[in-house]
Amino acid sequence: MISKALEELFAGSSFAEISLDSKNIYRRLEPPKDPKMGNYAFPLFEAAKILGKNPNEMNRQLTEIENRLARGEKEFSCLTFQAVGGFNNVLIDGVALAQETIHTILNAGNDYGSSKDGQRKNIVIDFSSPNIAKPFGVGHLRSTAIGGSLYRIFRKLGYTPVGINHLGDWGTQFGKMIVAYRRWGDDAALRTNAVRYLYDLYVRFHKEEETDPGLSEEARQAFKAMEDGDSETLALWQKFKDLSMAEFNKVYDMMGVHFDYQTGESFYNDKMEAVIERLMKAGLAEVSEGALVVDLSRFNLPACLLRKADGATLYATRDITGILYRWETFHFEKALYVVGSAQHDHFRQVFKVVELLEEAESLPPSEQISPRLFHVEFGWIKFQDEVMSTRLGNIIFLEEVFAKAIALAREKILEKNPDLKDIDRVARQIGIGAVIFADLSTRKEKDVNFDWSKVLNFEGETGPYLQYTHARLSSLLRHYGNMVKPDIDFRLLHHPEEERVIEFLYRFPMVVVEAASIYDPNVIGAYLLGLASAFNKVYQRKDASGRIDKILSDDEALTAARMALVSSVRTVINEGLSLLGIEAPEEM
RNA sequence: GCCCCCGUAGCUCAGAGGAUAGAGCAGAGGUUUCCUAAACCUUUGGCCGCAGGUUCAACUCCUGCCGGGGGUACCA
């Protein structure tokens with residue numbers, strides 16, 4: 001609504017002369033550095049240069065026209081234009097903005113920012129995807145947290161997300177596990193702490209492999225036996241898988257993560273042959289050095305291996321098969337692979353093979369899959385500047401991280417709010433929220449150094465800070481006791497601190513869209529920190545006498561107006577946290 | 001060698017053509033007769049890796065270099 005008015009104004013002005021249409025202008029609008037200068041600024045330097053005019057002079061003339069147009073027949077306008085140097089600034093009337101925004105939020109509740117843009121189209125999100133028989137380390141946190149959040153974000157935007165946990169439950173490493181277990185394994189030890197025990201075996205295997213190269217060959221044979229359907233080997237594999245899943249599911253429950261399908265790599269075992277044949281028929285596959293490959297050298301990529309010299313398949317084979325299967329099953333609008341950047345080339349290869357297949361089969365555009373495939377990559381989690389590696393054995397278990405964070409949260413509650421009911425539940429919400437937020441608070445492509453002191457910090461830019469702000473807002477609503485109503489006097493929300501909060505609230509729907517478009521929940525996290533901080537400044541704002549200007553006061557109209565704002569902020573923080581997969585306690 | 005990502009305050013990170021480069025943590029000082037101080041205010045701290053180029057305007061775009069990380073055919 002406001003943007004439309006802006007477009008009309010600019011288009012109606014002398015900009016027509018230099019063929020800047022309204023859309024063009026709108027794209028160039030930017031928020032001024034100092035919010036006092038207005039809500040939007042339009043830089044005139046470029047236009048002035050084309051016209052050969054002085055930007056300052058031109059700006060003055062333009063502003064005059066704009067303000068006359070804005071006022072029109074009416075006595076006042078909610079838009080005011082100002083010339084500041086070469087920047088044409090627009091001030092939006094705070095009262096109009098407050099009314100529009102708060103009305104919308106109070107009506108919509110947690111649906112504020114939701115849309116039907118997705119038209120229920122399927123978005124396949126492949127995330128988490130841990131390897132069976134390996135510990136769920138903090139390294140898996142990123143994929144799980146980012147993927148889980150994208151799931152919620154796309155659902156909010158009207159898509160039908162399809163969450164798939166592409167478990168690493170097939171491949172050569174199982175040959176290793178099986179050999180290790182047969183040599184050194186003990187069933188009783190396995191039963192007591194399965195993943196930990198398998199992990200120790202795995203580390204031991206790699207250590208002994210260095211001095212005993214025969215182990216590698218033995219492992220290869222064991223995996224081949226699995227692929228050939230050897231029942232005794234498969235029974236062992238199934239046991240590892242069941243025990244691992246039981247532990248992974250504990251983590252998913254804690255994080256509130258949901259999958260629609262837990263179809264791992266083994267799911268594609270009986271589907272790969274047809275795909276390989278299809279690729280051969282298309283003339284893409286060739287034998288090289290005994291292996292079956294798709295040559296990609298003209299794309300400056302290494303060849304994509306479909307089958308090893310011994311006939312066994314590789315993960316690329318399974319991923320290609322997975323893509324084709326998912327396409328047939330879901331006819332997705334997009335398929336996102338939330339996987340670390342170490343697999344950048346792998347996905348380029350796999351996507352390229354799919355693209356080549358489409359070309360070879362001359363599929364119509366509506367049947368083309370490759371433009372819909374996206375690798376949502378993220379950086380490593382390192383520890384003390386070292387890559388964490390299952391093989392090296394320097395993994396930090398995610399459960400351990402959660403346990404420590406929850407214990408600390410509990411400690412803080414006992415110190416600050418010992419009478420709180422349901423302390424265990426709230427401690428879990430805070431502890432897990434802290435860990436998830438710490439992970440989502442870095443732009444995803446950066447490597448992050450796992451730092452206990454950062455994860456276990458509940459102050460500043462953290463999950464608990466947001467939760468605390470939410471608890472404060474909830475507390476205000478409890479104290480207020482009345483229904484929050486939208487028919488308030490919006491002129492009473494006139495302090496700069498309040499206007500700043502309203503601008504944040506107004507932006508929320510755009511922030512959700514932005515997060516979805518770059519596949520990064522961090523956008524929402526950063527936004528929430530800004531909103532919470534803005535609100536806390538309202539909360540602790542001091543009046544002229546140096547006293548805190550309280551939200552709840554004897555002035556009924558003023559209190560009602562402020563509580564409408566409080567309720568709106570609470571709704572947006574609550575919903576924003578929920579999009580990140582973080583719970584928002586009412587009290588803490 | 002080739003390809004990809006990252007270099008911004010002591011630390012962790014925002015900013016991705018525009019006005020004086022921002023937060024948090026850590027350091028210094030302050031705010032509570034309590035609407036939850038897990039907060040708020042003040043303050044110290046910057047050749048935005050280096051060098052060129054494009055532009056009215058570059059932390060932002062282009063080229064080269066340096067530093068870190070990753071990938072580079074039978075692991076995932």
Side-chain angles (χ1 to χ4, degrees), chain A residues 28 30 32-34 37 41 43 45-46 48-49 55 84-87 89 129 131 134 168 170-173 175-176 220 223 265 288-293 300-310 312-316 318-319 339-346 348-349 377 379-380 382 385 387 390-391 409 412-413 415-417 420 430 434 438 441-443 445-449 451 453-454 457-469 471-480 522 526 529-530 532-533 536-537 539-542 546 548 550-553 559 562 566 587-588:
Chain A
R28 284 161 212 252
E30 56 195 55
K33 273 277 148 68
D34 183 348
M37 294 186 149
F45 307 103
E46 196 183 341
K49 199 196 173 196
V84 182
F87 287 90
N89 295 341
S129 309
N131 286 324
K134 287 195 197 171
W170 205 252
T172 314
Q173 84 267 21
K176 295 178 183 174
R220 222 181 342 264
F223 176 57
E265 296 189 51
S288 165
E289 296 172 38
L292 189 68
V293 307
N300 207 4
L301 281 170
C304 181
L305 269 84
L306 299 174
R307 228 207 286 265
K308 298 198 275 188
D310 68 1
T313 57
L314 286 111
Y315 75 128
R318 292 186 278 275
D319 272 341
V339 183
S341 57
Q343 297 194 41
H344 180 90
D345 281 0
H346 163 70
R348 280 182 65 201
Q349 290 178 68
E377 58 185 311
W380 288 92
K382 297 191 276 185
D385 284 320
V387 171
T390 313
R391 296 184 188 191
K412 298 247 176 190
I413 293 169
E415 170 194 323
K416 292 161 192 283
N417 194 0
L420 181 67
I430 295 169
S441 62
T442 298
R443 226 173 70 229
E445 54 269 21
K446 284 208 178 189
D447 290 351
V448 301
N449 215 348
D451 182 353
S453 69
K454 197 187 171 196
N457 174 28
F458 295 172
E459 286 165 24
E461 298 177 330
T462 64
Y465 171 73
L466 297 175
Q467 290 170 317
Y468 176 73
T469 307
R472 237 182 195 177
L473 289 154
S474 304
S475 170
L476 282 168
L477 287 161
R478 278 196 304 277
H479 282 276
Y480 183 49
N522 170 247
L529 289 173
S533 163
N536 281 319
K537 282 172 191 168
Y539 186 84
Q540 294 190 145
R541 206 187 120 261
K542 288 179 178 168
I548 301 262
K550 293 193 177 172
I551 289 177
L552 300 169
S553 70
T559 303
R562 290 178 174 181
V566 164
E587 288 180 71
M588 61 189 269

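Chain letters run A, B, ... following the sequence lines, proteins first and then strands; every chain starts at 1. Model, not experiment: these values are computed from the prediction.
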Query raised in the report: Counting distance only, does the side-chain N/O of A:N536 pair as donor-acceptor with the main-chain N or O of A:A532 below 3.5 Å?
Result: yes
Report task. Report the residue (A:N300 or A:N457) whose heavy-atom-nearest nucleotide on RNA chain B is the more 5′ of the two. Result -> A:N300
Query raised in the report: Could you state the CZ-P distance from A:R472 to B:rA38, rounded to the nearest angstrom?
Result: 8 Å
Query raised in the report: Picking from B:rA73, B:rG71, B:rA37, which would you name as closest to the side chain of A:S288?
Result: B:rA73
**Report entry** Student check: side-chain heavy atoms of A:W170 and A:F223 closer than 4.5 Å
**Finding:** yes
Requested in this report: Please measure how far the P atom in B:rC48 lies from the corresponding atom in B:rA19, and state the result in whole Å.
Outcome: 15 Å
Query raised in the report: Can you find a donor-acceptor pair, distance only, under 3.5 Å between A:T462 side chain and B:rA38 base?
Result: no
Query raised in the report: A:L466 CG to B:rA23 C1': how many Å, rounded?
Result: 13 Å
Query raised in the report: When the C1' atoms of B:rA73 and B:rC11 are considered, how many whole Å apart are they?
Result: 41 Å
**Report entry** Atom C1', compared across B:rC59 and B:rC6: separation rounded to whole Å
**Finding:** 15 Å
Query raised in the report: Using atom P of each nucleotide, how far apart are B:rA37 and B:rC41 to the nearest Å?
Result: 14 Å
**Report entry** Pairing partner of B:rG27 (Watson-Crick or G-U wobble, both distances under 3.5 Å)
**Finding:** B:rU43
Query raised in the report: If you measure from the C1' atom in B:rA38 to the same atom in B:rU20, how many Å do you get, rounded?
Result: 33 Å
Query raised in the report: Could you state the CZ-P distance from A:R541 to B:rC41, rounded to the nearest angstrom?
Result: 13 Å
Query - Atom-to-atom span, NZ of A:K446 to P of B:rC6 - whole angstrom - result: 8 Å
Query - Position toward the 5' end of RNA chain B (nearest nucleotide), A:A316 or A:K542 - result: A:K542
Query raised in the report: Where the side chain of A:H344 is defined as all heavy atoms beyond and including C-beta, which of B:rC4, B:rA76, B:rA73 is the nearest nucleotide?
Result: B:rC4
Query raised in the report: For A:K537 and B:rU42, what is the distance between atoms NZ and C1' respectively, to the nearest whole Å?
Result: 12 Å
Requested in this report: In whole angstrom, give me the gap between the P atoms of B:rA23 and B:rA14.
Outcome: 16 Å
Query raised in the report: Ignoring hydrogens and geometry, is there a side-chain-to-backbone donor-acceptor pair from A:T559 to A:S553 under 3.5 Å?
Result: yes
Report task. For nucleotides B:rA26 and B:rA9, find the distance between their C1' atoms and express it as a whole number of Å. Result -> 12 Å
Query raised in the report: Minimum heavy-atom separation for A:E377 to A:S341, with atom names?
Result: OE1-CB, 3.1 Å
Query raised in the report: Expressed in whole Å, how much space separates the C1' atoms belonging to B:rA21 and B:rC13?
Result: 14 Å
Query raised in the report: What does A:E289 touch in the nucleic acid at a heavy-atom separation under 4.0 angstrom: a base, only the sugar-phosphate, or nothing?
Result: base
Requested in this report: For A:T469 and A:Y465, indicate whether the former's side chain and the latter's backbone hold a donor-acceptor pair under 3.5 Å.
Outcome: yes
Report summary line: When rounded to whole Å, the CG to P distance for the pair A:L301 and B:rC3 reads 12 Å
